[in-house]
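Note sheet for the following structure.
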Amino acid sequence: MSLPARADLLLTGGHVIDVGGGHVGRYDVAVRAGRIAAIGPALPADDARQLVDVRGKVVTPGLIDLHTHVAAQATYWGIDPDPVAWRSGVTTWVDAGSAGAYSLDAFRVALRRLEVRVPVLLNISALGLTGRTGESRHLDNCDVDLAIATVRDNRDLVAGIKVRIDRETVGRNGIEPLRRGIMAAEACDVPVMVHIGASPPAVADVLALLRPGDIVTHCASAIAAGPELVSPAMRDAYARGVLFDLGHGSGGFAFDVLEAQLESGLTPHTVSSDLHARCLYGPVFDLPTTMAKLLAVGLPLDEVVAAATIRPARALNLPDGLGTLSPGAPADLAVFSLEEGPFELVDAHGQRRVGKQRLVNDATYMAGRLLPPRLPEPPRPWIPLTTAQRHALDDRADALRALFSTPLVGPDGLAEQFPRRPDERPGTDERG
């Protein structure tokens with residue numbers, strides 16, 4: 001198979017897992033002008049400007065994390081995604097409700113400096129997540145007409161509506177913020193993502209409002225599930241086409257709830273991290289670590305990758321072939337080593353499982369460009385950290401200081417960049 005033009009980049013010999021594009025197996029992937037130029041079992045290497053041998057590696061579309069919180073300087077929960085993206089393979093970070101109508105313009109400005117793609121779910125509360133919680137306690141903030149106008153004016157950025165429903169967030173307003181979120185979503189023909197947590201309101205009342213294609217995040221939350229790990233309301237919602245998203249976060253995922261749901265046939269449609277400032281240092285860490293937890297409970301690798309690529313892309317109707325390696329799609333790629341366990345993994349409540357496999361990122365490409373290493377910023381002062389987490393952060397800082405304080409190479413690794421004239425070199429005699 002020949003390429004339509006000389007490729008800028010050719011990844012050769014990898015095990016591709018591109019469920020959405022129908023490519024699972026040994027394939028080469030060619031990139032030209034920031035897009036996938038070709039994919040095939042044996043593309044000609046001499047046609048590529050840069051050749052990368054990925055034999056023994058797993059190659060996927062750039063991962064899509066359906067539930068994150070970005071813009072570290074703009075909200076309580078936000079983080080800078082770039083220092084995580086280059087080492088995790090996540091190229092599309094769906095921000096789930098950090099911005100509402102009042103703050104979306106400023107949020108857009110904050111996103112411009114980021115390397116990664118950030119579709120936005122607009123918070124039905126115009127306040128967004130400038131604070132820890134409580135954004136929907138006053139219904140004046142949940143202005144349907146304002147949300148509709150904001151979505152329509154920002155179609156290039158907004159892919160859906162986000163509503164948090166738990167007793168702290170809504171106060172005495174019950175499920176009314178969700179009703180308003182659905183009204184706005186219906187008017188704009190976009191899905192709603194709803195966060196479930198501590199009741200009231202009852203989770204059954206929340207799920208009863210959701211339409212096919214709407215998303216319930218924290219689907220395996222022990223806080224939301226209560227003693228009945230798999231309720232009739234959960235079964236009914238799943239059966240009528242409500243999408244279940246993992247949404248790990250600080251308190252949104254429990255192994256025993258997920259295992260009970262799997263036994264009942266309620267496999268999550270998507271796996272997301274809910275990565276934010278309070279779970280970046282654990283228990284979440286990143287999306288590949290969350291994916292490893294699904295592998296640990298028995299889901300097959302191809303299905304877990306699909307839940308972090310093509311399925312979130314379809315859930316939000318993301319444009320342009322995102323989530324696939326189909327020719328013409330953006331050349332967002334992730335290269336992983338598939339490591340064999342055992343690995344100890346923990347959920348939000350300290351329950352542990354032993355994993356047999358995990359994906360460890362080797363390289364992340366955005367539009368065909370290798371993302372460079374980026375150092376993370378320190379945690380914000382309001383983030384609760386354990387003593388162990390603080391010590392680990394201090395140790396990491398010390399290790400980085402030592403790494404960068406040591407010369408990169410010794411004398412034998414250097415070259416004379418500006419040679420001296422022969423008559424100025426020590427020990428040289430022009431007379432012979």
Side-chain angles (χ1 to χ4, degrees), residues 64-69 94 96-97 121 160-166 169 175 178 181-182 191-199 201-276 279 283-284 287 289-299 303-304 306-312 314-316 345 347-349 351 353:
I64 300 173
D65 197 334
L66 189 61
H67 185 164
T68 70
H69 295 280
V94 179
L121 302 180
I161 299 289
K162 173 71 182 294
V163 187
R164 294 204 300 176
I165 299 292
D166 61 52
T169 305
I175 56 176
L178 178 57
I182 291 173
V192 166
M193 174 186 281
V194 62
H195 147 124
I196 55 174
S199 61
V203 171
D205 293 337
V206 173
L207 295 174
L209 290 182
L210 298 183
R211 308 161 299 163
D214 286 338
I215 304 159
V216 56
T217 193
H218 314 309
C219 69
S221 164
I223 296 171
E228 188 177 22
L229 301 186
V230 183
S231 67
M234 293 292 280
R235 292 188 177 92
D236 290 346
Y238 195 95
R240 70 172 185 273
V242 173
L243 303 180
F244 280 36
D245 174 59
L246 197 73
H248 192 311
S250 293
F253 168 65
F255 273 121
D256 59 333
V257 178
L258 175 61
E259 289 162 346
Q261 290 176 345
L262 293 176
E263 289 177 4
S264 298
L266 310 186
T267 303
H269 300 90
T270 55
V271 51
S272 71
S273 66
D274 185 19
L275 197 61
H276 55 66
C279 65
V284 174
L287 183 57
T289 302
T290 305
M291 294 166 71
K293 297 177 187 183
L294 271 69
L295 295 173
V297 297
L299 291 181
E303 180 163 341
V304 173
T309 52
I310 186 58
R311 290 187 194 157
R314 288 174 176 165
L316 295 184
L345 300 161
D347 66 11
H349 306 289
Q351 296 182 103
R353 298 292 186 272

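Heavy atoms only: backbone and side chains are in, while hydrogens, waters and symmetry mates are out.
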- Any Leu207 side-chain heavy atom under 4.5 Å of Asp236 side chain: no

- Report the distance from atom CE of Met193 to atom CG of Leu121, rounding to the nearest 0.5 Å. 5.5 Å

- Message: Using only atom types and a distance under 3.5 Å, with no angle test, would you say the side chain of Tyr238 pairs donor to acceptor with the backbone of Ala233?
- Response: no

- Leu266 side, atom CG; Gln261 side, atom CD - distance, nearest 0.5 Å: 6.0 Å

- Can you tell me how far the CG atom of Leu178 sits from the CZ atom of Arg164, to the nearest 0.5 Å? 14.0 Å

- Indicate yes or no: at least one non-hydrogen side-chain atom of Leu243 is less than 4.5 angstrom from one of Pro191. no

- Message: I want to check something: taking the side chain as every heavy atom from C-beta on, are Arg240 and Val242 in contact at a cut-off of under 4.5 Å?
- Response: yes

- Check for a donor-acceptor pair, side chain of Asp166 on one end and backbone N or O of Ala198 on the other, with a separation under 3.5 Å. no

- Item | Where Ser273 and Leu287 come nearest, the two heavy atoms and their spacing | N-CD1, 4.0 Å

- Message: To the nearest 0.5 Å, what is the distance between CZ on Arg353 and CG on Leu294?
- Response: 12.5 Å

- Task: Verify the distance criterion only: is there a donor paired with an acceptor across the side chains of His195 and Thr217 at less than 3.5 Å?
- Result: no

- Message: Go through it in stages, so that I can follow the logic: the residues are Cys219 and Asp245, the test is side chain to side chain contact (heavy atoms under 4.5 Å, CB included), and I'd like the CA-CA distance, side-chain angles, deciding distance and then a yes or no.
- Response: CA-CA 6 Å; Cys219 69; Asp245 174 59; 5.8 Å; no

- Under 4.5 Å between any side-chain heavy atoms of Leu246 and Asp274, yes or no? no

- Query: Is any side-chain heavy atom of Val194 closer than 4.5 Å to a side-chain heavy atom of Leu210?
  - Reply: yes

- Query: If you take all heavy atoms of Ala254 and Ala222, which pair is closest and at what distance?
  - Reply: CB-CB, 3.6 Å

- Do we see a donor-acceptor contact under 3.5 Å between the side chains of Thr68 and Asp65? no

- Show your working on side chain to side chain contact (heavy atoms under 4.5 Å, CB included) between Arg311 and Thr309 and close with a plain yes or no. CA-CA 6 Å; Arg311 290 187 194 157; Thr309 52; over 6 Å; no

- Task: Please answer whether the main-chain N or O of Val230 pairs with a side-chain N or O of Arg235 as donor and acceptor at a distance below 3.5 Å.
- Result: yes

- Query: So which heavy atom on Gly226 is nearest to which on Leu229, and how close?
  - Reply: O-CD2, 3.6 Å

- Message: Below 30° counts as parallel, above 60° as perpendicular, anything between as tilted: where do the rings of His269 and Phe244 land?
- Response: perpendicular

- In terms of ring plane angle, is the pair His69 and His276 parallel, tilted or perpendicular, where the classes change at 30° and 60°? tilted

- Step by step, work out the side chain to side chain contact (heavy atoms under 4.5 Å, CB included) result for Cys279 and His248. CA-CA 9 Å; Cys279 65; His248 192 311; over 6 Å; no

- Task: Could you walk me through whether Ile165 and Val163 pass side chain to side chain contact (heavy atoms under 4.5 Å, CB included), step by step?
- Result: CA-CA 6 Å; Ile165 299 292; Val163 187; 3.7 Å; yes

- Message: Quick check: do Leu262 and Val297 have side-chain heavy atoms less than 4.5 Å from each other?
- Response: yes

